[in-house]
Structures are given as C-alpha cells and as structure tokens.
Amino acid sequence: MNPLRDPQDRRLPRIPEPCALVIFGVTGDLARKKLLPGIYDLANRGLLPPGFVVLGFARRDWTDGDFEALAHDSAKDYARTPWREEVWARLAGNIKFVGGSFDDDAAFDRLSTCLDDLRHSHGIHGNAAFYFSIPPSAFPQVLKQLARTGMADNERCGGWRRVVVEKPFGYDLPSAKALNDLVDDVFTRDDVFRIDHYLGKETVQNIMALRFANNLFEPLWNSKYVDSAQITMAEDVGIGTRAGFYDATGAARDVVQNHLLQLLALVTMEEPTSFDAAEIRAEKLKVLRAISLPTDVAAGTVRGQYLRGWVAGQRAVGYLEEPNVPEDSTTETYVAIRLGIQNRRWAGVPFYLRAGKRLPRRVTEVAVMFKTAPHLPFNRTDVEMLSSNQLVIRVQPDEGVVLKFGAKVPGTTMEVRDIAMDFQYGEAFTEASPEAYERLVLDVLIGDRTLFPDAAEVEQSWRVIDPLEEAWQGVRPESYRAGEWGPRAADEMLAREGRSWRRA
Ligand code: BG6
C-alpha cells in the first residue's frame, strides 16, 4: 500500500484494476450513445487502467476492426469531453469483438477463451464485467451461457466477475423476483449491479449532500414545516422508435418504478449511519416500505396519452399515430400519482409524482413546498404576490438548487414578493459534471455499489406500482395535446386538495 495515500480519501482518483468490460448488445442505442462514449470520457480523464479491454459481443460477422470503427464513431459523436486522437489510439488497440448469437455455444466458448487469453496478454487477472445492454427476454439465455462456460465463476477465473443489468428490471413483482433468482443463481450477490442511471447523475447524488452535509434543512424536513412535495420528470420527446418496448411498458413502469421512486427515497429517507452502500440501501428500503398508495386509485392518480400537437415549435404526431403503436393502445405516456409516507416524519404530507412524454420541455426536478407562515403581520395587499417557500432541486437541465422565499420590494411600501436564490452547478464549480453512465461504469469496474439499487429495493418499488397497474387495467388514459403539461385531470387532482403543480 502506498504510505502517502489515505485509503479513506475518496477525493483521489479512483482507478479500477486491469479488467475487461464485455458488452452484450453493442449495436443498440444505449451502447452507442452512452456506454462507448462514456468509456472514451473515462479514458480521456485518465481513469481507466492501462490493461483495460472493451469486448463487444453481437450477432454480426465483424472483425475487431469493424467494432473499433463503430466504437470510434459513437465516441466521437457522443462523448462529453473533447476529442483527442491519442486517447482513442490507446483505447483502439484494446477493443475486441466476438460474433455470435445468444444460443450459439461455440461463440460463448470463444468469448471464454478470449477472456482467458487476455489474462496474460493484457494482465487483466481474470477481472471482467458483463454489461447486459439487451432486452430482458434475452437475459436467461445469456446467463445460462455464462454459467455453462464458467465465465461467471470468480474462483475459476482467478479474479472478479460482475454483471451489470439495465432496467427495466422485470415487468412486475413476480417477474422481477424471477429475474433476481436467475441472476443470483449465476453470480454472487455482491457482483450484481442493477443500473438506475438517475443515481449516476450528480444532482441526484447532491440530494444526499444537501440533506446530510448541512444543518440548515434537517429541522424543516418533516410534516411540521413541509406542506407537500412534487417530483416532476418531463420530457419533450415522444417515444421515438421504441414502440415495441414502450407500448408494453408505459410511463409508470418505465420511469416511476425506478427513477422517480429512487428520487422520492433519497428525499425522504432517514440519515444513514455512514455513507456506505449497505447503510444507504437500508434507509432507502425502509422508506420505500413506508409508502402508501391513494385509497381511491381513480382519484389519486391520473394517466394520460398524448394527442398530436406542437412541442417547441415542432409538429408532433399523437401517440396512437407513432410507428408500430396499436391503434387501440391504452398505454399511458403520462402519469401523476399521489403517494403518502407512513412514518413519524412524513405522515400527512402528500408526495405528487408526475412523468410524461411530449410535455412542453425537458425538466426533472424535486420541489419541496413549505407551509405558509402561521401569521403574516402585513396588510393583505402587501403580501398578495407572496406564495409559500419552496426548495427546488433541479436535476436537469440547468442543474442546481433554487430556494424561493419572500423579500421586500424596494420602495416606500412594505410589499413582499417571491424571489429566488439560485445555485447553479455551471457557475459554482469549474469542473463539468460527468455523465451518469460515465460514473456508473467506473463504479462497476471499481466494485462500488453505492449508486446501484439492490434486489430488495427493486422488488419493493414493484410493490408500489403493481396495485396501481392492476387498478388501471382496461381504463382508457385521459388525453392531452403534445406540448401541454399533461391532462386537465392532473390539475384537477391537485386543485381538489387546494394545490397546483409548480410551473417547472
Ligand atoms: C429511461 C427511460 O430510463 O430514461 C426513457 O426508459 C427516458 O423513456 C430516459 O427517455 C430519460 O433519461 P434522462 O437521463 O434523459 O432523463
């Protein structure tokens, strides 16, 4: 061990041991737009070990060079950091490809031999992570192949073997459990990394810093001072070419079960005893277990589906007109849900979650709305422009935190109006934020599981979503025009409780 290096000091660059990253599904969008560019960014920041190898596996008759060309173009088009040929040249020599389908035993035998060879040629000591960037229906077959060839066996391989599983992790609780069992049969528990890419976002990690590194917010963070909270994930895009996946999934399964419930957990959980993966997961799980659903699902939730309209000056087709969407589809592209949390801190505080496609703009934020002051010693007209205090965590874009409170308008009268105190990442720090996938791939290779939900969290989140899905069966979603903030029923849902959605 380096005597000058304090093992507790996490500010020092964390660099993985020499290893290989095997990507299944290299030709898909995720690999091309996120993983391969993320790997380049890590290399550019000097965070990859010298012996690092990227191994692509797909049903293509490709040479290493063909895959390297795809990786090069993907990285060049989508990398976050500036392009440097010399960085690519170093990576390019370590990009390999094995062609074959998932039922092709010989192809997996070749993959296994290739990893064995890399042990000596690149000094990877048997270390490899397998990234499943493939549809969940293909998981069982690939897992079976990894088990059959012994590729998942840490002992046989003389190093670590990890698996990275992309969401959606199951379709409901029974399928998630079946999938967890399947993965656990092949890999040891600590070697399974389930991706929820929201946890890789700097602004999402900052929720814990904001809450647990400061003394300012904690005394107010409870039902005595908080009136309600709104978690919004709005996207201006439609479903693109993903009809096959999306129509069978819908907004609640696609983003609420994972991203929004994870945000909710981070905002409402108790302080972990340390910043250790197991401690954080334990607190998140506890609060996920305390979630209560609306007693009347029809009154406490709204589902919507977009009609044709205009988004940011561009014409947009309706959901039912999107390519490959069945004309009678009842899949929701918008959902709003009112949840409660049954514990001492939060009883009685409503948490409104909403997510939708083809909304006016892309914005993800958590807004904590505080109760109004119990007494205002002003004339009514002086405070007409004053609303309640709000703390808004802007996840994206314009990453930062805004605190809204009242201040006196300069002049001879005592008029008080809302103003905003604004922290922006772009202004406060010189370092640009890494992409979520950049951070998460690095953590997989290092073996740091802090930002990965475990099986219990995933299953608990399905316990929240499943009863809602069941109640929605056969119910047609409300309509909203592309470019509107969802169906009118969502506004009515809050209006019934004397509240309104924040203009995100
Ligand atoms: C994915 C969903 O998990 O998140 C997509 O499957 C969605 O439907 C995407 O578009 C949004 O991610 P981000 O990071 O752009 O907010």
Side-chain angles (χ1 to χ4, degrees), residues 24 30 129-144 146-147 151-154 160-200 204-205 208 249 252-266 268-270 272-291 293 436-437 439-441 443-469:
F24 294 106
L30 177 72
F130 300 97
Y131 201 114
F132 284 21
S133 173
I134 49 176
S137 54
F139 289 2
Q141 208 164 24
V142 177
L143 284 166
K144 225 157 79 197
L146 295 179
M151 274 191 277
D153 186 336
N154 290 332
W160 50 257
R161 292 288 158 114
R162 299 179 184 141
V163 66
V164 190
V165 188
E166 262 298 330
K167 65 166 268 286
F169 204 80
Y171 177 80
D172 53 12
L173 181 60
S175 59
K177 277 185 164 170
L179 199 56
N180 278 330
D181 289 348
L182 209 67
V183 178
D184 283 349
D185 269 353
V186 179
F187 285 90
T188 37
R189 240 160 222 223
D190 286 353
D191 293 330
V192 183
F193 291 74
R194 293 171 189 79
I195 294 256
D196 181 322
H197 78 278
Y198 262 60
L199 297 183
V204 174
Q205 295 166 49
M208 285 194 279
T249 308
R253 288 191 172 101
D254 185 32
V255 297
V256 179
Q257 187 270 345
N258 35 74
H259 308 327
L260 265 61
L261 287 184
Q262 283 290 327
L263 286 176
L264 177 66
L266 291 172
T268 56
M269 71 188 202
E270 295 302 315
T273 45
S274 74
F275 214 70
D276 172 82
E279 301 297 343
I280 295 174
R281 287 164 161 191
E283 293 304 339
K284 280 198 287 172
L285 184 60
K286 229 164 73 188
V287 80
L288 287 170
R289 284 202 182 118
I291 289 178
L293 295 174
Y437 277 97
R439 169 68 196 259
L440 295 175
V441 166
D443 282 2
V444 168
L445 301 179
I446 288 169
D448 183 343
R449 301 183 330 132
T450 313
L451 301 179
F452 299 83
D454 70 359
E457 282 173 74
V458 171
E459 290 177 11
Q460 191 55 37
S461 301
W462 282 119
R463 284 191 188 94
V464 174
I465 297 299
D466 283 359
L468 300 177
E469 291 285 352

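On a predicted model such as this, the values are computed, not experimentally measured, just so you know.
At least one side-chain heavy atom of Met208 sits under 4.5 Å from a side-chain heavy atom of Met269. Between Val458 and Gln257, some side-chain heavy-atom pair lies under the 4.5 Å cut-off. Taking the side chain as every heavy atom from C-beta outward, Asp196 and Phe169 never approach each other to under 4.5 Å. Leu30 places a side-chain heavy atom less than 4.5 Å from the side chain of Tyr437. Side-chain contact between Arg194 and Leu199 is absent, with no heavy-atom pair separated by less than 4.5 Å. The shortest side-chain heavy-atom distance between Phe193 and Val163 does not fall under the 4.5 Å cut-off. Considering only heavy atoms from C-beta on, Asp443 stays 4.5 Å or farther from Thr450 through its side chain. Proximity of Leu143 to Phe132: side-chain heavy atoms (C-beta onward) are separated by under 4.5 Å at one or more points.
Here Leu146 contributes atom CG and Lys144 contributes atom NZ; the two are 12.0 Å apart, rounded to the nearest 0.5 Å.
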**Prompt:** Could you go step by step and tell me if Phe452 and Leu440 meet the side chain to side chain contact (heavy atoms under 4.5 Å, CB included) rule?
**Reply:** CA-CA 8 Å; Phe452 299 83; Leu440 295 175; 3.9 Å; yes

**Request:** Kindly indicate, with the supporting measurements, whether the criterion side chain to side chain contact (heavy atoms under 4.5 Å, CB included) is fulfilled by Leu288 and Ser461.
**Result:** CA-CA 7 Å; Leu288 287 170; Ser461 301; 4.0 Å; yes

**Request:** Could you give me the CA-CA distance, side-chain angles and deciding distance for Arg281 and Leu285, then say whether side chain to side chain contact (heavy atoms under 4.5 Å, CB included) is met?
**Result:** CA-CA 6 Å; Arg281 287 164 161 191; Leu285 184 60; 6.0 Å; no

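Across Trp160 and Leu445, no two heavy atoms sit closer than the pair CZ2-O, 3.4 Å. The shortest non-hydrogen separation linking Ile465 to Ala252 is CD1-O, 4.3 Å. The minimum heavy-atom distance between Leu451 and Gly200, with the atom names listed, is CD1-CA, 4.5 Å. Heavy-atom minimum distance, Pro140 versus Ser137: CD-O, 3.5 Å. Of all heavy-atom pairs between Gly170 and Leu179, the closest is N-CD2, 3.8 Å. Taking all atoms of both residues into account, the shortest heavy-atom contact from Arg161 to Phe130 is CD-CE1, 3.9 Å.
Of the possible donor and acceptor atoms, none in the side chain of Asp181 sits under 3.5 Å from a partner among the backbone N and O of Asp184. Side chain of Glu457 to main chain of Asp454: a donor-acceptor pair is present (N/O by atom type, distance under 3.5 Å, no hydrogens or angles).
With hydrogens and angles left out, the side-chain atoms of Glu279 and Ser274 include no donor and acceptor closer than 3.5 Å.
Geometric assessment of Arg253 against the ring of Tyr171 yields a positive cation-pi assignment under the 6.0 Å and 45° thresholds.
The pair Lys167-Asp254 meets the salt-bridge criterion, since a charged nitrogen lies less than 4.0 angstrom from a carboxylate oxygen.
A perpendicular orientation is assigned to the rings of His197 and His259, their planes being inclined by more than 60° (bins at 30° and 60°).
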